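Structure, as structure tokens:
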Amino acid sequence: MSLLKAATAVRENAYAPYSRFKVGAALRSTAGNIYVGANVENVAYPEGTCAEAGAIAAMCAGGEYQIAELLVISDSPMPVTPCGGCRQKIAEFAGPDVVVTMINLEGKTSVVTVADLLPGSFSAAHMANVNDA
Ligand code: THU
């Protein structure tokens, strides 16, 4: 199954009664498996989780920790972009050259890399001076 098909399908399962903005995400691991996620909101608004976070959690639950490619889809006027927190979450499991495809329901598409999304990202290398880091 393609990432587009997988993300489009899982988007329908988003729980977004507050924003009414359903988002689907699908990623392919370096092992070639597809993991999906949709946003899950909460009446305590900050407790909601993004589609990308769900897909990443599913990948880790599957015992995989390397993203090869990621796609995110929503019903937005322009291709939906991952929020700041999700950019950091993606960078945890994807190298700077990993391709992120952002798309809306009309098919308007934007293709970028993880480095494009989060230039100069904070990484474990910044903690190199800490003993045992
Ligand atoms: N959202 C995502 O799931 N992913 C994105 O890339 C952007 C925003 C969700 C969070 C919230 O449930 C809703 O969209 C509106 O912000």
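Fair warning: this is a prediction, and the values are worked out from it, not measured in the lab.
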Q. What pair of heavy atoms forms the shortest contact from A7 to A25, and how long is it?
A. CB-C, 4.0 Å
Q) F93 versus I56: any side-chain heavy-atom pair under 4.5 Å? A) yes
Q) Ignoring hydrogens and geometry, is there a side-chain-to-backbone donor-acceptor pair from R87 to P82 under 3.5 Å? A) yes
Q.
Using every non-hydrogen atom in the two residues, find where V80 and S76 come nearest and quote the distance to one decimal.
A. N-OG, 3.6 Å
**Q.** Nearest heavy-atom neighbours spanning F21 and A16
**A.** O-CB, 3.7 Å
Q: Answer yes if L4 and M102 sit in the same cluster of Ile, Leu, Val, Met, Phe, Trp and Tyr residues linked by side chain heavy atoms under 4.5 Å apart, and no otherwise.
A: no
**Q.** Distance in Å, D116 CG paired with T81 OG1, rounded so as to fall on 0.5 Å steps
**A.** 12.5 Å
Q.
Assess the residue pair S121 and S123 against the criterion (side chain to side chain donor-acceptor pair (under 3.5 Å)); give the C-alpha distance rounded to whole Å, side-chain angles, the decisive distance to 0.1 Å, and a yes or no.
A. CA-CA 6 Å; S121 64; S123 72; 5.9 Å; no
(Q) Applying ring pair (Phe, Tyr, Trp, His ring centres under 6.0 Å), can you list everything that pairs with Y18, at least two apart in sequence or on another chain? (A) Y45
Q: Would you check if I90 and L70 make a side-chain contact, meaning some heavy-atom pair closer than 4.5 Å?
A: yes
Q.
Is the shortest side-chain heavy-atom distance between T113 and V98 below 4.5 Å?
A. no
Q: Can you measure from OG1 (T30) to OH (Y65) and round to the nearest 0.5 angstrom?
A: 12.0 Å
Q: Let me know which of I103, T101, L71 forms a side chain to side chain contact (heavy atoms under 4.5 Å, CB included) with L3.
A: L71
Q) Do E64 and S29 have side-chain atoms, one donor and one acceptor, less than 3.5 Å apart? A) yes
Q | Euclidean distance, C83 SG relative to L117 CG, rounded to 0.5 Å | A | 11.0 Å
Q. How long is the span from the CZ atom in R20 to the CD atom in E41, to the nearest 0.5 Å?
A. 10.5 Å
**Q.** Rounded distance (nearest 0.5 Å) linking atom CG of N13 with atom CZ of R11
**A.** 11.0 Å
Q | N104 (side chain) donor-acceptor with P79 (main chain) under 3.5 angstrom | A | no
Q | For V10, all residues meeting side chain to side chain contact (heavy atoms under 4.5 Å, CB included), sequence neighbours excluded | A | V36, A38
Q.
For G95 versus V114, what's the shortest heavy-atom pair and its separation?
A. O-CB, 3.5 Å
Q) Where do I73 and V23 land on the side-chain contact (heavy atoms from CB on, under 4.5 Å) test, with the steps shown first? A) CA-CA 6 Å; I73 187 166; V23 184; over 6 Å; no
(Q) When you measure from the side chain of R28 to the backbone of E69, do you find a donor-acceptor pair of N or O atoms at a distance under 3.5 Å? (A) no
**Q.** K22 backbone acceptor or donor facing E12 side chain under 3.5 Å
**A.** no
**Q.** Interatomic spacing from CD1 in I67 to CG in L27 - rounded to 0.5 Å
**A.** 5.0 Å
